[in-house]
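One structure below.
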Amino acid sequence: MTSSTSSSSKSSNPLLSTVAALTLLTNTLTVLPQTSLAAVAPLADVGLREFLVKDSSQHIRLSLPSSMKPGTPIDLVNDEGRKAQEAVELVRLRLEQVGFAGKPQVWNACLKEVNTANSILSSSNFLNTVPANQQKKAKGMLEEADKELENLRDSIRNQDPTSTLQYQDSAAQKIYSIRLLSMPPQTLPYTLPSEFSGYPILQGLATVSMEITHPSNSPFTLSDGAKSPTLPLTLTIDGYRSPVTSGNFLSLVKSGVYTNIKITDTNDLFVNTSVKSDKKIPLELFYKKDTKPTYHYSSDDDLRATEAFADPFQAKGALGMIHDPEDVDSGKGDFFFLKWDQGLVAPGRNTLDGSSTCFGYVTRNQESLEQIRMGDVISKAVVVEGLENLSVKK
């Protein structure tokens with residue numbers, strides 16, 4: 001079934017659209033008993049505390065294992081950078097999922113989160129994990145993050161949802177950028193099995209730029225409301241959580257395999273591609289509580305069907321590798337974009353998590369994926385950042 005253009009793409013400002021949606025949600029909730037507004041009902045582990053994370057950029061920021069050091073396992077529990085990241089991300093999640101109009105307790109909780117993040121960033125040892133040659137840059141970025149947090153604090157005190165969301169996003173990105181500086185280059189905090197000797201491995205993050213065109217040359221409506229002859233997409237590829245799958249994908253992008261290929265199928269949930277590649281890629285899963293990926297077994301086969309994943313299929317633009325349902329180790333190069341719909345793909349426990357590898361997310365114009373139709377063409381696919389993290393394991 002051919003997907004139709006998303007109505008949300010008509011908005012000229014995605015942040016204003018979010019505020020409008022939140023206002024509508026709050027107005028609707030006010031007719032319910034007051035007890036229903038006290039808290040978000042706890043779900044399975046679907047993001048951060050009791051809140052559902054469903055934004056691709058938030059998934060990437062929260063998945064970053066900035067606690068990692070060469071030769072030591074990932075330790076997110078004691079990752080100070082991630083704690084600051086969580087605090088700032090919770091501001092948006094509270095406003096989105098609890099509401100804000102006439103709810104001083106929500107604004108107070110948001111202010112507390114910002115103060116927590118500020119306290120962590122003000123610690124004298126916050127930049128200790130950043131290499132010496134990056135310290136000057138990190139200190140400058142830290143000053144910028146402090147300013148963004150102060151702007152965010154002022155917006156929260158004024159109970160202004162529009163500026164709060166704007167400063168939340170910029171503060172979250174600043175903290176994420178500082179955390180990136182602490183990551184050891186071309187390094188994974190675990191050893192891959194010897195069976196992957198000779199495979200391309202992505203040891204870190206990479207960014208891929210793609211452009212999609214309609215054969216009719218009709219325009220796309222981008223997330224900011226602009227019309228464009230192509231749909232430009234930014235893909236963030238997560239080699240920390242799926243080094244083998246991500247390495248194979250990046251290697252194929254580098255060699256031009258995805259340039260000028262057609263979209264083979266679209267429906268309510270997926271945009272599928274099909275390419276020619278001989279190397280088989282196994283199912284690669286990174287459970288949220290683990291310190292390294294697992295291979296060859298679905299979560300059902302591994303008796304771990306109720307566990308959550310570091311990169312879940314829980315956002316528009318989640319990227320998945322296609323496997324034969326009867327052979328989980330049959331991945332090659334065919335992949336899909338997920339047009340995530342909470343009503344069709346349940347958060348936390350669904351048929352994708354645990355049976356397919358999520359290897360990253362579309363982090364630009366993901367809302368416009370609804371406009372892609374079967375027969376459209378990926379006219380461009382290039383690696384724009386992180387190619388130095390691609391290596392062949394000896």
Side-chain angles (χ1 to χ4, degrees), residues 8 11-30 37-40 47-62 64 80-123 126 138-180 223-225 315-316 363-367:
S8 64
S11 170
S12 61
N13 189 322
L15 283 173
L16 291 179
S17 299
T18 301
V19 173
L22 290 175
T23 303
L24 178 60
L25 171 64
T26 301
N27 292 339
T28 303
L29 288 174
T30 55
L37 305 179
V40 176
L48 186 54
R49 298 186 192 173
E50 70 268 33
F51 295 99
L52 173 65
V53 176
K54 51 187 177 181
D55 176 76
S56 57
S57 293
Q58 281 190 307
H59 279 300
I60 288 293
R61 293 193 294 253
L62 288 168
L64 183 71
E80 292 300 309
R82 190 177 192 277
K83 290 178 183 177
Q85 192 81 59
E86 288 180 355
V88 174
E89 304 294 358
L90 280 166
V91 171
R92 173 177 176 174
L93 297 175
R94 289 184 187 279
L95 295 182
E96 284 183 339
Q97 296 174 37
V98 182
F100 55 84
K103 297 180 181 178
Q105 73 276 19
V106 175
W107 292 105
N108 289 337
C110 289
L111 186 59
K112 182 178 178 181
E113 300 295 355
V114 175
N115 290 337
T116 296
N118 186 73
S119 177
I120 294 172
L121 267 61
S122 299
S123 171
F126 180 68
K139 289 177 181 177
M141 294 169 67
L142 186 58
E143 290 179 1
E144 294 175 0
D146 287 338
K147 292 177 182 178
E148 295 296 337
L149 287 178
E150 187 58 40
N151 290 333
L152 177 57
R153 186 183 290 110
D154 289 342
S155 294
I156 291 172
R157 285 171 177 157
N158 293 329
Q159 298 189 12
D160 181 346
T162 301
S163 62
T164 294
L165 289 174
Q166 289 173 337
Y167 287 124
Q168 183 279 328
D169 185 67
S170 57
Q173 195 60 38
K174 292 290 185 184
I175 294 172
Y176 172 71
S177 297
I178 295 171
R179 295 171 63 211
L180 279 173
S223 294
D224 61 0
K316 284 189 178 180
T363 51
R364 177 187 175 214
N365 286 322
Q366 60 268 35
E367 295 292 336

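Remember, it's a predicted structure, so these values are computed and weren't measured experimentally.
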Do you know which two heavy atoms are closest between [X] and [Y], and how far apart they sit?
{"X": "S155", "Y": "Y167", "result": "OG-CD1, 3.3 Å"}
{"X": "V88", "Y": "A117", "result": "CG2-CB, 3.7 Å"}
{"X": "A145", "Y": "L121", "result": "CB-CD2, 3.9 Å"}
{"X": "L52", "Y": "Q97", "result": "O-NE2, 2.6 Å"}

Min side-chain heavy-atom separation [X]-[Y] under 4.5 Å:
{"X": "D169", "Y": "L165", "answer": "no"}
{"X": "T164", "Y": "F100", "answer": "no"}
{"X": "K54", "Y": "K316", "answer": "no"}
{"X": "R49", "Y": "L93", "answer": "no"}

- Could you walk me through whether E150 and R153 pass salt bridge (charged side-chain N to carboxylate O under 4.0 Å, His left out), step by step? CA-CA 5 Å; E150 187 58 40; R153 186 183 290 110; 2.5 Å; yes

Does [Y] offer a backbone N or O that forms a donor-acceptor pair with the side chain of [X] under 3.5 Å?
{"X": "R82", "Y": "L62", "answer": "yes"}
{"X": "S177", "Y": "Q173", "answer": "yes"}
{"X": "Q85", "Y": "Y176", "answer": "yes"}
{"X": "E144", "Y": "L142", "answer": "no"}

Between [atom1] of [X] and [atom2] of [Y], what distance do you get to the nearest 0.5 Å?
{"X": "K174", "Y": "L149", "atom1": "NZ", "atom2": "CG", "result": "11.5 Å"}
{"X": "R179", "Y": "I175", "atom1": "CZ", "atom2": "CD1", "result": "9.0 Å"}
{"X": "C110", "Y": "K112", "atom1": "SG", "atom2": "NZ", "result": "12.0 Å"}
{"X": "S223", "Y": "Q366", "atom1": "OG", "atom2": "CD", "result": "6.0 Å"}
{"X": "T116", "Y": "L111", "atom1": "OG1", "atom2": "CG", "result": "9.5 Å"}
{"X": "F51", "Y": "E96", "atom1": "CZ", "atom2": "CD", "result": "10.5 Å"}

- Not counting sequence neighbours, which residues clear salt bridge (Lys or Arg N to Asp or Glu O under 4.0 Å) with R94? List them please. E113

- List in chain and number order the residues that pass salt bridge (Lys or Arg N to Asp or Glu O under 4.0 Å) with K83, two or more places apart in sequence or in another chain; answer none if no residue qualifies. E80

- Message: Any donor-acceptor pair under 3.5 Å linking the side-chain atoms of S170 with those of E148?
- Response: yes

